[in-house]
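For clarity, every value in this text was computed on a predicted model and none was experimentally measured. Keep in mind that the numbers below use all heavy atoms, side chains included, and drop hydrogens, waters and symmetry copies. Atoms within a ligand are numbered from 1 in the order they appear, just like the ligands themselves. Position 1 is the first residue of the sequence; numbering continues from there.
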Amino acid sequence: MTNGLTLRQQLDRYAGPDSLRRAVADVVAAFAEAAIAIADLTGRGALAGITGQVQGRNPDGDMQKDLDVRADQIIRASMKGLPVAALASEEAIDVDILDPSAPISVAVDPLDGSSNINTNMTVGTILSIVPTPADIRATFMQPGTAQLAACFVVYGPQTALILTLGDGVDVFTLDRDTGSFRLTAATVKIPADTAEFAINMSNRRHWEIPVQAYIDDCMAGVDGERGRDFNMRWIGSMVAEAFRILTRGGIFLYPADAREGYGEGRLRLVYEAQPMAFIMEQADGAASTGRTRLMEIAPKALHQRVPLVMGSRDKVRRLERMYTNPNVKPENAPLFSHRGLFRI
Ligand code: AFP
């Protein structure tokens, strides 16, 4: 049940007289305004000069599209004058120090799903808010459990803002008549188990055996271990997969794989996986590397990658058991046993 509260009203309720909460509320409100501007750019596409053209490479060597750069600029401009000590972005190699005395800092993925920009597919923006530690250099080396808030915006048919302030997950939908976000789903809970998984199947041969075994069991459907058929989705924008999982459950996997540069998967810990993990857990879901709870990992580098499995709690736990089950090895994996993929 929702009461159509605006995001601003919800943030004011959360903040009250507390100065730290007020700082968080002001940053989320500014981020929401920036997201509305990015949504407008995304929605106007080529008419706004957005073509998905590659303009360079980001710090990690990924192709940097025009909307990546514009979104980063919009977010940075929105943080000016706010109580933000440090700003980390996927699009910048170093951390920006804004107001070193400020109590909070932010990490952003300005545009998640860049490869979808020129195909008119859903993309989004991700935000993590953390307390600024005494040593500002350690700001983005904190585990995900230190986060004060996490938020992502999905630029899809609806522009939706998903927010946790540490006490559940709420969904706000952009009211295009008023230009403000309104509460449309309160205290969202992810269904514990849904027969749907999201993974890029083209990488199957590169995955670790436990992931292959987990997915092969799903693919075996009603004839296999699971005794039920499964559905698959892969959009290429984690924000879209996350919104679907919050809506109807399921599991998203971007595991480590054997390709060069993918030994720790593709997603970045600080500004993608940590905020998503916070939201998943706050919605009674789970987030893991497959071996460990993702929220407990302390980053060692700003652009560090991490394997990410998130979604319905029971599904994530089942995947984790694959890593500890001694029987999960190539010769026992269903697909290998049928096809003898390990022919000598
Ligand atoms: P980009 O922002 O570089 O397009 O990456 C998006 C993403 O990090 C995540 O949102 C997708 O789930 C994943 O990459 C898609 O990766 P593949 O293109 O390897 O399937």
Side-chain angles (χ1 to χ4, degrees), residues 35 38 41-42 50-72 75 88-93 107-128 150-156 160 162 196-208 211 215 232-246 250-277 279-280 287-290 294 302-311:
I38 298 169
L41 265 185
T42 309
I50 298 297
T51 59
Q53 205 91 39
V54 175
Q55 291 192 338
R57 299 246 168 213
N58 71 13
D60 221 26
D62 284 348
M63 287 189 290
Q64 206 167 36
K65 308 279 181 69
D66 48 12
L67 191 53
D68 286 312
V69 175
R70 298 275 291 277
D72 184 62
I75 299 272
S89 168
E90 179 176 27
E91 303 311 326
I93 193 158
V108 292
D109 177 2
L111 211 285
D112 174 63
S114 312
S115 56
N116 285 329
I117 293 170
N118 48 349
T119 60
N120 196 24
M121 296 282 287
T122 295
V123 294
T125 302
I126 308 170
L127 170 75
S128 171
C151 181
F152 68 95
V153 182
V154 185
Y155 311 120
I162 296 83
E196 192 160 72
F197 65 90
I199 194 166
N200 183 335
M201 286 297 286
S202 68
N203 298 322
R204 187 190 174 288
R205 66 192 184 283
H206 304 302
W207 302 333
E208 296 174 299
V211 176
I215 296 296
M232 194 202 100
R233 286 285 183 274
W234 190 249
I235 301 172
S237 290
M238 174 175 61
V239 289
E241 319 273 11
F243 189 82
R244 185 191 59 251
I245 288 171
L246 286 164
I251 188 170
F252 168 96
L253 305 94
Y254 210 111
D257 75 47
R259 289 174 295 164
E260 190 184 342
Y262 284 79
E264 291 302 319
R266 175 188 176 108
L267 294 160
R268 276 67 172 195
L269 177 53
V270 170
Y271 38 78
E272 291 178 320
Q274 281 188 338
M276 279 301 175
I279 289 169
M280 289 290 148
S288 171
T289 63
L294 193 121
L302 182 60
H303 300 288
Q304 170 177 341
R305 295 180 185 220
V306 69
L308 176 61
V309 179
M310 65 178 182

Enumerated ligand 1 atoms positioned under 4.0 Å from heavy atoms of F252: 12 (O)
Pick from R266, Q64, M238: the one approaching atom 7 (C) of ligand 1 most closely through a non-hydrogen atom: R266
Protein contact to atom 2 (O) of ligand 1 [nearest heavy atom, distance to 0.1 Å]: G113 N, 2.9 Å
Atoms of ligand 1 close to S237 [distance to a heavy atom under 4.0 angstrom, numbered from 1]: 10 (O)
Ligand 1-proximal atoms of S114, by part, heavy-atom distance under 4.0 Å: both
Proximal atoms of ligand 1 relative to W234 (non-hydrogen, under 4.0 Å): 12 (O), 15 (C), 20 (O)
Interatomic spacing from OH in Y271 to OG1 in T125 - rounded to 0.5 Å: 14.0 Å
Short N or O distance, D112 and ligand 1, threshold 3.5 Å exclusive: yes
Which atom of M276 lies closest to which atom of I126, heavy atoms considered: CE-CD1, 4.1 Å
Minimum-distance pair of heavy atoms, taken over all atoms of G311 and I245: CA-CG2, 3.7 Å
L267, portion touching ligand 1 at heavy-atom distance under 4.0 Å: side chain
Residues that N200 engages under side chain to side chain donor-acceptor pair (under 3.5 Å), provided they are two or more places apart: S202
Top protein contact for atom 19 (O) of ligand 1, by heavy-atom distance: Y254 OH, 2.6 Å
Pair E264, Q304: side-chain N/O donor-acceptor within cut-off below 3.5 Å: no
Nearest-0.5 Å distance that lies between atom CG in L111 and atom OG in S89: 10.5 Å
Qualifying residues under salt bridge (Lys or Arg N to Asp or Glu O under 4.0 Å), relative to R244, sequence neighbours excluded: E196, E241
Polar atom proximity, R259 to ligand 1 (N or O, under 3.5 Å): no
Nearest protein heavy atom with distance in Å, relative to atom 11 (C) of ligand 1: G236 O, 3.4 Å
